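In this text the structure is predicted, and so the values were computed from the model without any measurement. Numbering starts at 1 and runs along the sequence shown.
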Amino acid sequence: MSIDPSAEIHPSAVIEEGAVIGPKCRIGPFSVIGPKVTLGTGVIVKSHVVITGLTEIGDETEVFSFASIGEIPQDLKFEGEETRLIVGKRNSIREGATMNTGTKGGGGVTRVGDDCLFMTGAHVGHDTTVGNHVILANQAALAGHCEIEDNVIIGGLSGIHQWVRIGTGAIIGAVTMVTNDVIPHGLVQGPRGELDGLNLVGLKRRGVSRADISALRAALQMLRQGEGAFQDRAERLAEESDSPYVQEITRFVLGESDRGFLTPS
């Protein structure tokens, strides 16, 4: 066990032998830190938190009460193999959120980027990869093997099916079930999610130029009504457009997909 002298640990907290607690960490009452956990600099763990498994928590991440981080996967194929959870820096993991380690069959690692917000009851399933600046609203759930790129927002009570990819800057409305891949900057809503346009609010917040937004609108229209199969339209877009945002979409569509795509309605 390695506890930096500057760390503040409540007397009722349990720090198991082998844990590594970095400088300026604060661990609240009745929290449990497992023997294979590493906490970076300035990590704050509120009361009644469980962090276990082979888990790394990056600098200045804050974990709120009743979160369960690094428990075994919710996968019946899991046979007790040692797998990992890696959480980046400056994340906010709110009350009751859960994150599971990976599985041998899925690559063995669940990975979360930097500067994300996981609201109350949010879930990150095994072998999922979450990018930077991602928001999961209350009770949103990511199943196993999902890939969530940067700057994605997932609304409350929404569920993302296993193996689904969600592209950069996309937004998923509340109470939405997403069963297929979502293109970058897409807007998805409805009980069974449909691609209903672009995440214009997100694009404008990030200062994307009017010209690029117009290019994205034209690209979406071509994907909706152009000739040929969806991938054929994407290939033509890749050749015809020099907008970096359109290129993000074509890269995504022409990449590997286990679930197919939500296509423009």
Side-chain angles (χ1 to χ4, degrees), residues 37-38 40 51-59 61 63 67-75 77-78 81-94 97-119 121-137 140-155 158-172 176-186 188 193 199 202 248-262:
V37 171
T38 299
I51 305 178
T52 187
L54 185 54
T55 296
E56 300 174 25
I57 306 290
D59 299 350
T61 287
V63 187
S68 177
I69 309 300
E71 268 292 2
I72 64 172
Q74 298 177 88
D75 185 339
K77 299 186 296 298
F78 182 71
E81 63 268 24
E82 187 168 80
T83 54
R84 304 175 68 188
L85 168 66
I86 300 174
V87 178
K89 299 177 181 179
R90 299 177 302 278
N91 292 290
S92 181
I93 303 172
R94 295 304 303 255
T98 55
M99 297 181 179
N100 295 156
T101 57
T103 64
K104 181 179 179 181
V109 181
T110 303
R111 192 181 300 271
V112 173
D114 302 333
D115 302 296
C116 299
L117 169 59
F118 301 89
M119 296 187 192
H123 174 68
V124 177
H126 61 85
D127 305 295
T128 283
T129 299
V130 178
N132 303 319
H133 302 282
V134 170
I135 297 174
L136 267 64
L142 307 177
H145 311 283
C146 292
E147 295 182 25
I148 313 300
E149 295 187 351
D150 296 348
N151 298 301
V152 167
I153 298 175
I154 299 177
S158 292
I160 313 301
H161 195 284
Q162 62 259 35
W163 301 104
V164 161
R165 300 181 303 145
I166 299 183
T168 298
I171 185 168
I172 311 301
T176 298
M177 179 62 196
V178 180
T179 57
N180 295 93
D181 291 356
V182 178
I183 62 171
H185 312 295
V188 173
N199 180 15
E248 283 180 340
I249 291 178
T250 59
R251 168 196 57 77
F252 188 87
V253 172
L254 297 175
E256 292 186 9
S257 172
D258 292 292
R259 297 290 306 173
F261 295 88
L262 291 180

Side chains of [X] and [Y]: does their closest heavy-atom pair fall under 4.5 Å?
X      : Y      : result
His123 : Asn100 : yes
Asp115 : Asn132 : no
Ile154 : Ile166 : yes
Glu149 : Glu248 : no
Val112 : Ile93  : no
Leu117 : Met119 : yes
His133 : Asp150 : no
Leu54  : Thr101 : no

Search all heavy atoms of [X] against all heavy atoms of [Y] and return the closest pair with its distance.
X      : Y      : value
Gly193 : Thr176 : CA-CG2, 3.6 Å
Gly102 : Phe78  : O-CE1, 4.2 Å
Ala122 : Ala137 : CB-O, 4.3 Å
Gly260 : Ser257 : N-OG, 2.9 Å

From the list Ile171, Val152, Asn151, Thr168, side chain to side chain contact (heavy atoms under 4.5 Å, CB included) with His185 holds only for Thr168
With side-chain hydrogen bond (donor to acceptor under 3.5 Å, both in side chains) as the test, would you mind laying out the steps for Thr103 and Asp127 before giving the verdict?
CA-CA 6 Å; Thr103 64; Asp127 305 295; 2.6 Å; yes
Rounded to the nearest 0.5 Å, how far does [atom2] of [Y] lie from [atom1] of [X]?
X      : Y      : atom1 : atom2 : value
Ile135 : Ile153 : CD1   : CD1   : 4.5 Å
Gln162 : Thr128 : CD    : OG1   : 9.5 Å
Thr83  : Lys104 : OG1   : NZ    : 11.5 Å
Leu142 : Glu147 : CG    : CD    : 12.0 Å
Phe261 : Ile249 : CZ    : CD1   : 11.0 Å
Leu262 : Asn180 : CG    : CG    : 5.0 Å

I'd like to know if the side chain of His161 pairs up with that of Thr179 as donor and acceptor (distance under 3.5 Å, no hydrogens or angles considered).
no
Charged N to carboxylate O below 4.0 Å: is that the case for Asp181 and Arg165?
yes
Donor-acceptor check, side chain of Asp75 to backbone of Lys77, threshold 3.5 angstrom: yes or no?
yes
With distance as the sole test, does Asn91 use its side chain to make a donor-acceptor pair with the main-chain N or O of Cys116 at under 3.5 Å?
yes
Going through the checks in order, is the side-chain contact (heavy atoms from CB on, under 4.5 Å) test met by Val87 and Val63?
CA-CA 11 Å; Val87 178; Val63 187; over 6 Å; no
Can you classify the ring geometry of Trp163 versus His145 as parallel (below 30°), tilted (30 to 60°) or perpendicular (above 60°)?
parallel
With sequence neighbours left out, what residues match Glu56 under salt bridge (Lys or Arg N to Asp or Glu O under 4.0 Å)?
Arg84
